[in-house]
Every structure is written in C-alpha cells, then in structure tokens.
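Taking it in order: structure first as structure tokens, then the write-up.
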Protein chains: 2
Amino acid sequence: MLVQKYKDMLSGKSVIRQLSEFATARGREIGYENVFDYSLGNPSVPVPREFTDEMIRMLTQMETNELHGYSPSLGITSVREAVAASLEKRFGLPYRREHIFMASGAAGALAHAFRLVTEPGDEVLTFAPFFPEYRPYVDLTGAVLKVVPPDTESFQIHFDKFEEMLTEKVMAVLINTPNNPSGVVYSRETLKRLSDLLREKSARYGHTIYLISDEPYREIVFQGVEAPCVSAFYDDTIMCYSFSKSLSIPGERIGYVAVNPHCKDAEDMINMCGQISRGTGHNCPPSIIQLAVAKVLDTTADLSVYERNMEILYGELRSLGFRCVKPGGTFYIFPRALEEDAGAFCRKALKYDLVLVPGDTFGAPGYFRMAYCIDTEKVERSLGALHKFVREEYQCPCIRQD
Amino acid sequence: MLVQKYKDMLSGKSVIRQLSEFATARGREIGYENVFDYSLGNPSVPVPREFTDEMIRMLTQMETNELHGYSPSLGITSVREAVAASLEKRFGLPYRREHIFMASGAAGALAHAFRLVTEPGDEVLTFAPFFPEYRPYVDLTGAVLKVVPPDTESFQIHFDKFEEMLTEKVMAVLINTPNNPSGVVYSRETLKRLSDLLREKSARYGHTIYLISDEPYREIVFQGVEAPCVSAFYDDTIMCYSFSKSLSIPGERIGYVAVNPHCKDAEDMINMCGQISRGTGHNCPPSIIQLAVAKVLDTTADLSVYERNMEILYGELRSLGFRCVKPGGTFYIFPRALEEDAGAFCRKALKYDLVLVPGDTFGAPGYFRMAYCIDTEKVERSLGALHKFVREEYQCPCIRQD
C-alpha cells in the first residue's frame, strides 16, 4: 500500500507553483517578456565568472576519479576547512572543519538541523511571515511547526506572542534573516532580545533551546543596512547556509550546516549529521560543486541589481499608496494588499499580467510578495501595469496621476 | 537536547570505514602502492571522455542561469524524458517521463522508495549477503529491515527461508543484482520464482508487496552472463539506479527512481517522490550533472578492467583452495574464509598488507569481500602477498607451490 500522508499531499498544490505555471502558460500566449512574473525566487543574475572558470579548470586538469570520487559523508575535508576559515575571518568565531557539515543546499542543511534536535512531537517555532516550505520540512520529521504571528509594523519579532508560545515543548526556534518574504533584516536589538529570551527559557526548562538560523540571503544586504551575525548572539546556534543565491547556482544544491564553535556539543552534532544522512539518503553535495565553491568563498554574483530593483519598486509602491516595510536585503518585498483578501487582490492583478503571491502562503494574510529577481528593464516596464491595475481596480485617491 | 538515536550511532563505526582508514595510515608508512586495499567499492576506471566534454561544452556555451538554475522537484523534464526513452529502448517496457524521478544517487533513490511503500513498523526483507548501509537506510525511516539468510551454494535466493519470512507484515522486498558483495547476478529462474511468490503472497495478504530493485551495478556484467531486467518480471517494481559505477562519478550523486509503467499507481508514486523530498531535504540532483548524464545515457566508462581483475583473482583464489562462487558482475568477489571467524582471518591478512572485509558486515559470517576496483597491475602484485598470507597462516595442503 502506498503511504497515505504523501498521497494526500498530492492534492495540495503550492500556490507559488500554480502562479508560476500560470505565468509560463500566459507567456506562451503573449510572450514571456510581457508577463510580469514576480512569483518565483529564482536568482536572475549571472553566475560569477570565477566559479565557471574553476569548474572548467578542474574538468580540464584534474584526474577524473579524483574530481568525481566519493566525498566523505561530512563533506570534502579541504572544503570544510576552507568554509571554516572563511567564516572565522568573516565573523570572528573560531570555526574549524569540525564545525562544518556540507549539505545539499539549505533544504538539506535544515533537514539535518531539525533531526539533530527534535524528536517526533517536539515543537519548532518560527515567525510569520515565513518561507512556506518550512511546514513540510518540519512536519515530515514528526516534529510540529508552530508559527508566531507577525509584527506587521516592522516584520521584526512579535516578542509578546513569541514569549507566550515559547513553552517547554519547544526544542528549536527557526529564523530566517534577511527574510523571505519580507526582505527585512533582523536588527541587533531583535537578536539580542531573542537570544536573551532563549537563554532564560533554556535555563528555566532545563534543556537547550537551539536556534536554527536559515541564512541563504546573507550576502544580499542593501546599503546602509547592518546584518548582524546571528551565531555571535547565541552559542547554541545551528547556521544553515546555501550558495544558491550568493552564487546564483540554486540547481547545484550546495550549502552547509555550521554549528557555533561555542556550542557545547558542536563536534558531536556535526558527526551526527553524517548519521542522519544515512536515513535521509543525503550522502553529500556533488564533489565537483563542493570543490568549486571552496575556491570562490569570498566571491558573489553581482547582486547590486536586486537593490536597484528594490528601490524602483519600493518608491513606486509607496507613491501608489501601498503600506510597505522597506526591505534591507533579499530580492523580496512584502507590501500590504489594497483589500483584506490578498488572494482576491492577486487574482485581479493577473488580469494585468502581474504575477504576485498572496501573503496567506507565508502566514501573513492581507499582504503579498513580489520576488524582484528579474531584469531591471522588466521591473521598469511592469510599472505601467502596476499603475493600471491599481487605478482600475481600486481607484485609490492617493494614486499619482499620469 | 540532542537526539539520542543519532548520538548512539556515533560509537558504532563501520568496519569498512575502519579498514579503509587502516589502509590509508599504512599507506603513509610504506607507500599506498604497497597496500593491497580491497576494502572500498570506489570506481577506479576513468570517467568517459563524453561526460567531461559535455560538462565543458555546457559551461562554455550555455547561459549560466539556465545551466545552474533550479530543477523541478521531480527532475529536469528533458532529462526524465531521455532516461525514460533509454529504458524503453533497452528493456522494452513503455517508460515515459511520468515514471522517472531523478534522485541524488542510489541512496537518494532508495530513501524515496522506502518512504513510498512503508509506514513505521512495516517490514522490508532483503537477502544476505547484503550492502550493510541498507540497515540504517531502512531502520531510520521507522520501518524494520529483516534479512533472509544466504544460500551459500550459489548466493541466489534461499527460497525456503524467504517464504517463511514473507509474512503479512512485509511491505517491500529489496534486492540488489548484480550483487554487492557476492558479485552474483540473479538468474532468470530466480527472478521468475521470486516474482511468482510475491504475486501469490500479495493476493493472499490483500496488499501489494513492492519489489525494490537496487541496480547500481547493472552495467557491470561479465561475458557470457545474462543479467535479466528485474522490472520485466514483476509489475510492482521500483527500480533504483545510480550512475556512480557506470560512469565512475560516485561523488556527483546522480541516479533515479523508475517505477514500472505497468504498476497501477506508477504516476502517483513518482509525484509522491516529490513530496517525500520536502521532508528529507532532497530537492533533486545537481542540474548540471542531470543535464550531462542525459547526454551520455548509452555510454559507460571502460568497465572491462573489472572483469580482467575478477578473472585473475578468481583463478588465484581457486588455486589457493578457496571456495568461491564466480562473480557474474560488479567489482566484488566473496570467497569463504579459511577459518570460521572471518574477522580473525581478515585481521591476519592485514599483516601482509592485504585489506579484506569480513562477511559478517554483509550478513554472511565466514566469508570475506574483496573489492577489486583497483589497477590490474596492483591486483597482480597482490598475488604474492595473498600466497604468503595463506601459506604462512594456514599451511593449506592444496596450495600451489612456487
């Protein structure tokens, strides 16, 4: 017999996926360049030349069995060393290879993090708005994801609600800063207060509450914004990183788990990751990709386009009367919809070939997400459609005349 | 708190891993070329030129975001189509892309297969001798692996024992042909009898017993040996394939699940794999590797060296008086040790710098495995050590004088 829980999931199609399929179908009708597809968080900037050059160099010069051979289950030793050295230099914490586990992207890293510190029935807390895949990621381990409602003023943490929900059953708190979908970066103050609370409750409950920090957008931070290192605030932090966004290589499935060197069980935890892999069928990211990223750890794709797009959209949205927290990073913006039902709002937008994602998906009804990882030229062309949409559907008095 | 079951696993170190570490350490003392390391199943023949050329071509010519972008969760559509077409041509079953799920190696494929058809507490049967990782692969899903004792005459299936163990609790039977560690290929007769029995018991118990066929060695079959297509015998077969051995790229983590097109729920099962991935953190094999293997599906590395090595070792072992089933494929041979305790036998062999793995690890005490995926020149050089070992430790009367 097939396992019912997975069969049941087949009917629940992801809203983002459906919207993206709409965009593709509509693109076939009117040309994809005329569909303003803000649905998918796919990096749009080219992969850095250094990465491609290193791949070609290895394929040309290295002995093939050495290049494509098995990686040890924790990752290639020299790669783990390079990652540790880079983190130490960057964040001033004494990372060594013993603290690094190479994982197949952030999804792989998180799958290991949850299994390290939660048993079935344990609770994991996260904060709305949140990346919707967190739900199956956690729930399919047997643990239970609970979502703290958003502080819609700032999209920092709603501490009153958080403290209420931080019961003895909570074994891990999952954060994502810079944040998908809000674009907000947690401030120093937020991280300080969060870590103080975790220390206090860990002491009171007699067990460590681990902080799982999902950081795929760490390198996409805009000018004048400080993005503090989460691990520096809290010893029991499990950092989950992905190179998908920083190097524009989401298909190559590469990232890592870095356990804070000050975490008492750090080395055991990394070794445990190797055991967890045996059950999940993980077995390391691809060898050639591990070797290539190790050579470009201090490089990123040219991420400046995302800031340019953000400034254009943020300005325009504000002038159209949208309430909106200004993103500090990522390639997302998360304005308030012009009617209560963000689903209805986004459906109307489709008539103008604007593909927006309702905030309900992210645990924040009444908002919508725009993923502006598209060409700036297209962002500029979309403004006319955005105008027309708002004018015709909402007749907002605050709308700029043109 | 850290999860105890993974913490407990840290103390149980794999015998193969320990032996391989011994070989590395000893290599540092006397030169690795002087250690006859038969412990690890790492492909030793070069990667086919076509694969490398295709990788370089894509890196040189393709737009980087297209090349390194997200793969759909079931795999890149054109790649799934190419795999299906190749399987259809080869095995005559009507495979379509709907029957193919791209997975990160055989470990990834198996992790999905087990989750498709077993709930915690269900039983999975496999046959000794067996690949020892099957135990954590299955047990960590919550299902229970039970092992049918070996038929040591032929290393085909011990059907009496099998029938006894094939109770109502068994939801899946896991086979591996050509087999690691025995090198034996299941005959047409074995597969016919196995599938007849599965059909009979499925009908009697009122639930399908799925056949999970782990086929990473499918392309390494020796002259004159027939390796029948498992899926052709049984509709409810889940084929798990890896390109690790056929293309010598074990580090690149690429394989697939192919559900038999005649299986009633084939398409649902493939879609369910996409859901299972959300819990395991799988998210597809690397895009560039998917695209590259799709171009070389009908190519393999030059695998002839394995047959050459097998013939040399088999002849020598027989002449030294070992009892041994002649391998039909793979790069393993599994002779009977010269004393009851194969562990003691293998420890003595280490004195002669021969690294052999005791059969206990594979569920067949009294035997030992040699992985002859090493240079033929080294196999030939190892014969002197093998002679000396047997002569000095066992004084077998049957030993050829030199």
Side-chain angles (χ1 to χ4, degrees), chain A residues 1-3 6-7 9-10 42-44 46-47 52 55-56 59-60 64-65 68-71 103-105 107-112 115-119 133 136-137 140-141 171 207-208 248-253 265 268-269 271-272 275-276 278-289, chain B residues 1-3 6-7 9-10 42-44 46-47 52 55-56 59-60 64-65 68-71 103-105 107-112 115-119 133 136-137 140-141 171 207-208 248-253 265 268-269 271-272 275-276 278-289:
Chain A
M1 278 170 305
L2 300 185
V3 171
Y6 296 116
K7 208 167 175 183
M9 288 171 77
L10 294 183
N42 265 347
S44 60
V47 173
T52 304
M55 291 281 286
I56 294 172
L59 285 160
T60 314
T64 62
N65 295 118
H68 301 295
Y70 276 115
S71 157
S104 56
L110 289 166
H112 285 78
R115 285 169 175 80
L116 274 176
V117 298
T118 65
E119 302 265 12
E133 284 298 296
Y137 285 4
L140 289 175
T141 66
M171 293 297 159
H207 68 248
T208 303
S248 272
I249 52 168
E252 307 309 356
R253 318 305 314 140
D265 297 304
D268 266 359
M269 289 165 73
N271 287 322
M272 285 167 68
Q275 301 303 322
I276 292 169
R278 299 166 82 184
T280 58
H282 177 268
N283 265 345
C284 278
S287 294
I288 187 173
I289 308 290
Chain B
M1 279 170 305
L2 300 185
V3 172
Y6 296 116
K7 208 166 176 183
M9 288 172 76
L10 294 182
N42 264 347
S44 60
V47 174
T52 304
M55 291 281 285
I56 294 172
L59 286 160
T60 313
T64 61
N65 295 118
H68 301 295
Y70 275 116
S71 158
S104 58
L110 289 166
H112 285 78
R115 284 167 175 81
L116 274 176
V117 298
T118 65
E119 302 267 11
E133 284 299 294
Y137 285 4
L140 289 175
T141 67
M171 293 296 159
H207 69 249
T208 303
S248 272
I249 52 169
E252 307 309 355
R253 317 305 314 139
D265 297 304
D268 266 0
M269 289 165 73
N271 287 321
M272 286 166 68
Q275 302 303 322
I276 291 168
R278 300 166 81 183
T280 58
H282 177 269
N283 265 345
C284 279
S287 295
I288 189 173
I289 308 288

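These values consider heavy atoms only, across backbone and side chains, with no hydrogens, waters or symmetry-generated copies. Labels below follow one simple rule: chain letters A, B, ... track the order of the sequence lines, proteins then strands, and each chain is numbered from 1.
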Point to revise | Residue part contacting chain A, namely of M171(B), when any heavy atom lies under 4.5 Å | key: side chain
Quick one: which of [options] has the most heavy-atom pairs under 4.5 Å with chain B, could you say?
options	result
G281(A), C284(A), G251(A)	G251(A)
S104(A), P250(A), A111(A)	P250(A)
T52(A), T60(A), L116(A)	L116(A)
N42(A), L140(A), V47(A)	V47(A)
I276(A), I289(A), T208(A), T141(A)	I276(A)
H112(A), E252(A), H282(A), R253(A)	E252(A)

Between [options], which residue shows the highest count of heavy-atom pairs closer than 4.5 Å to chain A?
options	result
A109(B), A107(B), S248(B), P285(B)	A107(B)
N271(B), I56(B), L10(B), V117(B)	L10(B)
S71(B), S44(B), A103(B), G105(B)	S44(B)

Review point. Is a donor on one side and an acceptor on the other found under 3.5 Å between the side chain of E119(A) and the backbone of V3(B)?
Key: no
Revision key, fill the gap. Rounded to the nearest 0.5 Å, the CD atom of E133(A) sits from the CZ atom of R278(B) at a distance of 4.0 Å
Study note, to complete from the structure: Correct closest heavy-atom pair for K7(A) and M272(B) would be N-CE, 3.8 Å
